[in-house]
Amino acid sequence: MIDTFQSDADALFASVVALRRTLHRHPELSGEEHETARRVAERLRELGVGAVQTGVNGTGVVATLEGERPGPTVLLRADMDALPIQEETGLEFASEVDGVMHACGHDVHTASLLGTAAILARHRDQLHGRVRFCFQPHEERLPGGAQGMIESGVLAGVDAVFGQHIKPDLPAGTLGVRAGAAMASSDEVYVTVTGEGGHAAEPHELAADATYVGSQIVGALQSVISRHCPPDVPSILTIGRLIADGATNVIPETARLEGTFRAMDEAWRGRGHDLIRRVAIRTAEAHGATADVEIHTGYPALYNHKDEAHLVADAAREYVGPDRALDVDRWFAGEDFAYFLQERPGAFCQLGVGSAHGLHTAGLNVDEEALRASTGFMAYVAWRYGREHAA
Ligand code: NI
């Protein structure tokens, strides 16, 4: 089927690129993907891909293609939302919405999955089982759209789940997948230190200097990973914001720390939360201040299941060739497809798009050749899973 899918992808390429550009021109923020969802549903209806369900968890769209041969159900997922970024690519099809941009490639994911649906719809006589196309809203902002899609029942009867994300630093049209921990959990850490405000010349009169204590906490938190995290568990704790808004001659009453804690192991992640709290609170106490710690839990670590990751890797070698099927590193971005992978076996792969500018930047410029690979490749993955797991 590889040759068939490749020639289908070639034939569809121009229309997939056109659709991607349309989506790119009209980006919508998380939870507001109304026009995008309308376009997706319209296209799925044109393709005759089963009953098209709209309004799933807000603006989600789901449709299931029935193959003519018995087999399992595979879910393929694309996310649809854009980011609050002012585009600076200067592209002819740049965003027409002020301050909103598809800077994470979700336009590529959505257009690609519609291309995949078009390819598979042509070959339902060859398809073992069925393929559910899942267009998910609200990936970019907590709490994410994935859990709501799952609660809405998109995984009912599903045997395996697959998805992809563009990767700017990889050459266009390359594919990579990593078995096991592949992407990080991503939690936000907020610490408010309360001391006593007063004259900068009289610190000895005050119970605690929040600026000093806050900076001590930044230092002390470095021990959480260096002294407690198992050496084989990748993890990051960064304090990116430290606000103590006094003046040259004013000690402020409070200081505020904000940061991110990322991990690739759920057990360590829970321990990390406890340690962050303890270190911040006790460090503050040691200096006569108090610390209030809030951890906003983000997406969990993303684990690719071994068999499905191997299927994707093998499919990539066959589909794009061994030179373009890459061994990829762990990726410290967060991704709510992780929730799908907590519920079902599956894998999430990386699609190279060869952009000099990274994700979530105003300059992200995708090499659209990637779409030629991704559309047919995901069709091949779904088809092949069906064939290998046919009853
Ligand atoms: Ni993304």
Assign the ring pair Y380 / W383 to parallel, tilted or perpendicular, where the plane angle (0 to 90°) is split at 30° and 60°.
parallel
Taking the basic N atoms (NZ, or NE/NH1/NH2) and the acidic carboxylate oxygens, is any pair closer than 4.0 Å for D159 and R344?
no
Give a yes or no on whether a salt bridge exists between E33 and R141, defined as a side-chain N under 4.0 angstrom from a carboxylate O.
no
Would you compute the distance between atom CG of L221 and atom CZ of F261 and round it to the nearest 0.5 angstrom?
10.5 Å
Please report the closest heavy-atom contact between A184 and F332, naming both atoms and the distance.
CB-CD2, 3.7 Å
For R384, is there an ion pair with D314 - N to carboxylate O distance below 4.0 angstrom?
yes
Pair E46 + R43: basic N to acidic O under 4.0 Å
yes
With a 4.0 Å cut-off on N to O distance, would you call R130 and E66 a salt bridge?
yes
Under a 3.5 Å threshold, yes or no: a donor from one side chain and an acceptor from the other, between R262 and T260?
yes
Does the plane of the ring in H109 sit parallel, tilted or perpendicular to the ring in H165? Use 30° and 60° as the thresholds.
perpendicular
Between Y385 and F162, how do the two ring planes meet: parallel, tilted or perpendicular, split at 30° and 60°?
perpendicular
Can you confirm whether R69 is buried at CZ, in the sense that more than 12 heavy atoms of other residues, nucleotides or ligands lie under 6.0 Å from that atom?
yes
Dump the intermediate steps for side chain to side chain contact (heavy atoms under 4.5 Å, CB included) on L113 and M378, then the final yes or no.
CA-CA 8 Å; L113 187 55; M378 291 309 276; 5.5 Å; no
State plainly whether the residues E369 and R372 are in salt-bridge range, i.e. N to O under 4.0 Å.
yes
Ionic contact status for D329 with K167, cut-off 4.0 Å:
no
How about CG on D125, more than 12 heavy atoms from neighbouring residues, nucleotides or ligands closer than 6.0 Å, or not?
yes
Cut-off 3.5 Å, side chains only: do D187 and H273 have a donor facing an acceptor?
yes
Can you check whether P143 reaches H138 side chain to side chain, under 4.5 Å on heavy atoms?
yes
Decide yes or no on side chain to side chain contact (heavy atoms under 4.5 Å, CB included) for Y190 and D292, but give the supporting numbers first.
CA-CA 8 Å; Y190 299 91; D292 179 60; over 6 Å; no
